[in-house]
Participant: 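Here you go, one structure.
The shown structure was predicted, so the numbers you read here are calculated from the model rather than taken from an experiment. Hydrogens, waters and symmetry mates play no part in the numbers below; they use all other heavy atoms, side chains included.
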Amino acid sequence: MTYKAFFTSLAASCLIAAPVIAQDINLRMSTSAPEGTIWQQQFDQFAADVAEETGGNVDIDIFYNSQLGAGSTVVPQVMRGRVDMGAFSTAEIADQLRDAYLVSMILYYDDMEERVCILNAVQDDYQSLLSPTGMKLLDWTEVGSIQLSGKQAFTSPDALVGVRHGGAANPISNLYWEKLGAYPSLVPVTEAASSISTGLIDVYPTIPMFYMFAGISQVAPVLSKVDLGLPPGVIVINQGVWDGLSAENKAGIERAQAKNQFQARSKAFYAFENQLYDMHRSNGGTVVQSTAEEKTKWRDGIEAYYAEVLAQSSPEGLKFWDELNAARVECGQ
């Protein structure tokens, strides 16, 4: 079964279609997520719930596959209200507000349960951080776990020394790769497969969904499961657009969010991600996992990395970091 057929079949079996009803308000939502994935399943369900809970007054029209442009170019449009809303990675938001990336720091969360607890606790604080951008945080969403892909295994940081590294979505995370001795460069996911194929890079940090969808698995058949991060994504709406909605429509959107809360969506997302590892193996690919000793090595110097990132953060970012750490202590009790 091809990737496209697999995901299309899954989406068709899972999606609940929204009723065809008259809409008073149309909101355009941008995302880089491909169609036929669990991203589409969850975003389409959200749109259907919004239509139902607002009595058909609000229609969310979702543009998948970066139809409105790459995230880095669409985020400013959401800030200005030219695009109503979007689902973005925090790396994409960080292009406009560097401190937005603090919730996605490498190796920050110990496990999924702790992460959900922390993110729920700091949601209002994150909104305060975002406020100067003119965007309102509607909810958290998922991006996927950070793994490494290549033609060979990269389960230990020792394997990255002197290696041509595909970098990531932003220079903040590249500080980490540099500390490990790699030579990172910013390579967008759309160019990852060709860059590996031509030898421009040797290793590419990726999330399993894009690893399977962007053709990376075909040229980099070894996926090293190193679990370097669990970065959340965000669903944001232009603040002016939100303020222009009626109280009834705002309440309807909030009821729609409550129907499928972040914890449940997160659990479903990562259950689906686990299926991708099995699918990769069934297609002849390899998944290797870091040993306990190797996992310890990935954390060597992590506090120094955090300190370097924080040294370039704003006072508001440092305040948010304190709030994030306070929530981490509370959630760990």
Participant: Crowded around Y183 OH? As in, over 12 foreign heavy atoms under 6.0 Å?
Facilitator: no
Participant: If you compare all heavy atoms of A100 against all heavy atoms of T90, which two are closest, and at what distance to 0.1 Å?
Facilitator: O-CB, 3.8 Å
Participant: Just do the side chain to side chain contact (heavy atoms under 4.5 Å, CB included) check on S32 and N65 with the steps written out, would you?
Facilitator: CA-CA 5 Å; S32 61; N65 292 307; over 6 Å; no
Participant: Contact between V236 and K136 at the side-chain level, heavy atoms closer than 4.5 Å - yes or no?
Facilitator: no
Participant: Which heavy-atom pair separates L180 from P157 by the least distance, and what is that distance?
Facilitator: CD2-CB, 4.0 Å
Participant: Between D139 and R265, is there a side-chain N and carboxylate O pair less than 4.0 Å apart?
Facilitator: yes
Participant: Establish, from distance only, whether the side-chain atoms of E142 and S266 form a donor-acceptor pair under 3.5 Å.
Facilitator: yes
Participant: If the plane angle is over 60° it's perpendicular, under 30° parallel, otherwise tilted; pick one for F269 and W39.
Facilitator: tilted
Participant: Out of curiosity, R28 CZ to D61 CG, how far, rounded to the nearest 0.5 Å?
Facilitator: 8.5 Å
Participant: Between S156 and A159, is there a donor-acceptor pair closer than 3.5 Å when you use the side chain of the first and the backbone of the second?
Facilitator: no
Participant: Could you go through T54 and N249, starting from their C-alpha distance and side-chain angles, then the distance that decides it, and tell me whether this counts as side-chain hydrogen bond (donor to acceptor under 3.5 Å, both in side chains)?
Facilitator: CA-CA 6 Å; T54 61; N249 284 338; 4.7 Å; no
Participant: Could you check whether any side-chain heavy atom of V234 comes within less than 4.5 Å of a side-chain heavy atom of T141, counting everything from C-beta outward?
Facilitator: no
Participant: Which heavy-atom pair separates Y211 from S149 by the least distance, and what is that distance?
Facilitator: CE1-CB, 3.5 Å
Participant: Would you indicate whether the side-chain heavy atoms of F46 and I62 approach each other to under 4.5 Å?
Facilitator: no
Participant: Apply the test side chain to side chain contact (heavy atoms under 4.5 Å, CB included) to residues R281 and D278: give CA-CA distance (whole Å), side-chain angles for both, the deciding distance (0.1 Å), then the verdict.
Facilitator: CA-CA 5 Å; R281 293 186 188 98; D278 293 336; 3.0 Å; yes
Participant: Using a strict threshold of under 4.0 Å (side-chain N to carboxylate O), is an ion pair present between E273 and K225?
Facilitator: no
Participant: Got M135 and Q239 here, is their nearest side-chain heavy-atom distance under 4.5 Å?
Facilitator: no
Participant: Hey, is NZ on K319 packed in by over 12 heavy atoms from elsewhere, all under 6.0 Å?
Facilitator: no
Participant: Could you list the cluster mates of V329? Members are the ILVMFWY residues connected by side-chain heavy atoms closer than 4.5 Å, either directly or through other members.
Facilitator: none
Participant: Is the shortest side-chain N to carboxylate O distance from D202 to R164 below 4.0 Å?
Facilitator: yes
Participant: At what distance, to the nearest 0.5 angstrom, does CD of E248 lie from CG of N57?
Facilitator: 9.0 Å
Participant: Atom CG in L102, atom OH in Y126: separation rounded to 0.5 Å?
Facilitator: 8.0 Å
Participant: Are I93 and L137 connected into the same hydrophobic cluster when the rule is that any two of I, L, V, M, F, W, Y join if their side-chain heavy atoms are below 4.5 Å apart?
Facilitator: yes
Participant: Around atom CZ of R255, are there more than 12 heavy atoms from other residues, nucleotides or ligands closer than 6.0 Å?
Facilitator: yes
Participant: Any idea how Y176 and Y305 line up, ring-wise: parallel (<30°), tilted (30 to 60°), or perpendicular (>60°)?
Facilitator: perpendicular
Participant: How many angstroms lie between atom CD of E254 and atom CG of L138, to the nearest 0.5 angstrom?
Facilitator: 9.0 Å
Participant: Check the hydrophobic clustering (I, L, V, M, F, W, Y; side-chain heavy atoms under 4.5 Å; chains of links allowed) and say if L223 and I207 are grouped together.
Facilitator: yes
Participant: If a pair satisfies side-chain hydrogen bond (donor to acceptor under 3.5 Å, both in side chains) and one of its residues is in residues 320-331, list it, with sequence neighbours excluded.
Facilitator: Y108-N325
Participant: Within the side chain of T198, is there an N or O that forms a donor-acceptor pair under 3.5 Å with the backbone of S194?
Facilitator: yes
Participant: If we count only N and O atoms by modelled type, under 3.5 Å, do the side chains of N26 and D59 hold a donor and an acceptor together?
Facilitator: yes
Participant: Would a distance-only check, ignoring hydrogens and angles, find a side-chain to backbone donor-acceptor pair under 3.5 Å from Q67 to Y64?
Facilitator: yes
Participant: So, the side chain of N283 versus the backbone of G285: is there a donor-acceptor pair under 3.5 Å, distance only?
Facilitator: no
Participant: In sequence, state the C-alpha distance, the side-chain angles, and the governing distance for K297 and D300, and then conclude on salt bridge (Lys or Arg N to Asp or Glu O under 4.0 Å).
Facilitator: CA-CA 5 Å; K297 286 186 177 182; D300 288 347; over 6 Å; no
Participant: Can a donor-acceptor pair be found, under 3.5 Å and without considering hydrogens, that links the side chain of R299 to the backbone of L107?
Facilitator: yes
Participant: For D95 and Y101, does a side-chain donor sit closer than 3.5 Å to a side-chain acceptor?
Facilitator: no
Participant: I'd like to know whether CD of E114 has more than 12 heavy-atom contacts from other residues, nucleotides or ligands below 6.0 angstrom.
Facilitator: yes
Participant: Classify the side-chain pair Y204/H165 by whether it contains a donor and acceptor separated by less than 3.5 Å.
Facilitator: no
Participant: Is a side-chain donor or acceptor of S197 paired with a backbone partner of A193 at a separation under 3.5 angstrom?
Facilitator: no
Participant: Using a strict 4.0 Å threshold on nitrogen-to-oxygen distance, state whether E53 and K259 make a salt bridge.
Facilitator: yes
Participant: Should F43 and Q40 count as side-chain neighbours, where that means a heavy-atom distance under 4.5 Å?
Facilitator: no
Participant: Let me check something: do V161 and V203 share a hydrophobic cluster, defined by ILVMFWY side-chain heavy atoms less than 4.5 Å apart, either directly or through other members?
Facilitator: no
Participant: Should we say atom CG of N274 is surrounded by more than 12 heavy atoms from elsewhere, each under 6.0 Å from it?
Facilitator: yes
Participant: Looking only at heavy atoms, which two atoms of V309 and R98 are closest? And how far apart?
Facilitator: O-NH1, 3.3 Å
Participant: My understanding is that only residues two or more places apart in sequence, or in another chain, count here; which of them pass ring pair (Phe, Tyr, Trp, His ring centres under 6.0 Å) with Y270?
Facilitator: none
Participant: Verify the distance criterion only: is there a donor paired with an acceptor across the side chains of T155 and S290 at less than 3.5 Å?
Facilitator: no
Participant: Does V222 belong to the same Ile/Leu/Val/Met/Phe/Trp/Tyr cluster as V187, with side-chain heavy atoms less than 4.5 Å apart forming each link?
Facilitator: no
Participant: Is it the case that the side chain of S224 and the backbone of V226 share a donor-acceptor pair, with hydrogens and angles ignored and the cut-off at 3.5 Å?
Facilitator: no
Participant: With salt bridge (Lys or Arg N to Asp or Glu O under 4.0 Å) as the criterion, how do E308 and K179 come out once you've worked through the C-alpha distance, each side chain's angles and the decisive distance to 0.1 Å?
Facilitator: CA-CA 11 Å; E308 188 169 346; K179 283 186 170 297; 3.1 Å; yes
Participant: Do Y306 and I146 belong together in a cluster built from hydrophobic side chains that touch within less than 4.5 Å?
Facilitator: yes
Participant: Establish, from distance only, whether the side-chain atoms of Q147 and S145 form a donor-acceptor pair under 3.5 Å.
Facilitator: yes
Participant: Is T37 close to F210 at the side-chain level, that is, under 4.5 Å between some pair of heavy atoms?
Facilitator: no
Participant: Determine whether a donor-acceptor pair (N or O, by modelled atom type, separation under 3.5 Å) exists between the side chain of W242 and the backbone of I237.
Facilitator: no
Participant: Report yes if the side chains of N260 and Q42 come closer than 4.5 Å at any heavy-atom pair, otherwise no.
Facilitator: no
Participant: How about N174 and E178: does a side-chain donor come under 3.5 Å of a side-chain acceptor?
Facilitator: no
Participant: If you take all heavy atoms of L318 and L310, which pair is closest and at what distance?
Facilitator: CD2-O, 3.6 Å
Participant: Are I25 and L27 side-chain neighbours, meaning at least one heavy-atom pair lies under 4.5 Å?
Facilitator: yes
Participant: What do you reckon, is CD of Q312 surrounded by more than 12 foreign heavy atoms closer than 6.0 Å?
Facilitator: yes
Participant: Just verifying a value: how many Å separate M112 CE and L230 CG, rounded to the nearest 0.5 Å?
Facilitator: 5.5 Å
Participant: Considering non-hydrogen atoms only, spot the tightest contact between A153 and V288 and give its length.
Facilitator: CB-CG2, 3.8 Å
Participant: If I take atom CG from residue L130 and atom CD from residue E316, how far apart are they, to the nearest 0.5 angstrom?
Facilitator: 12.5 Å
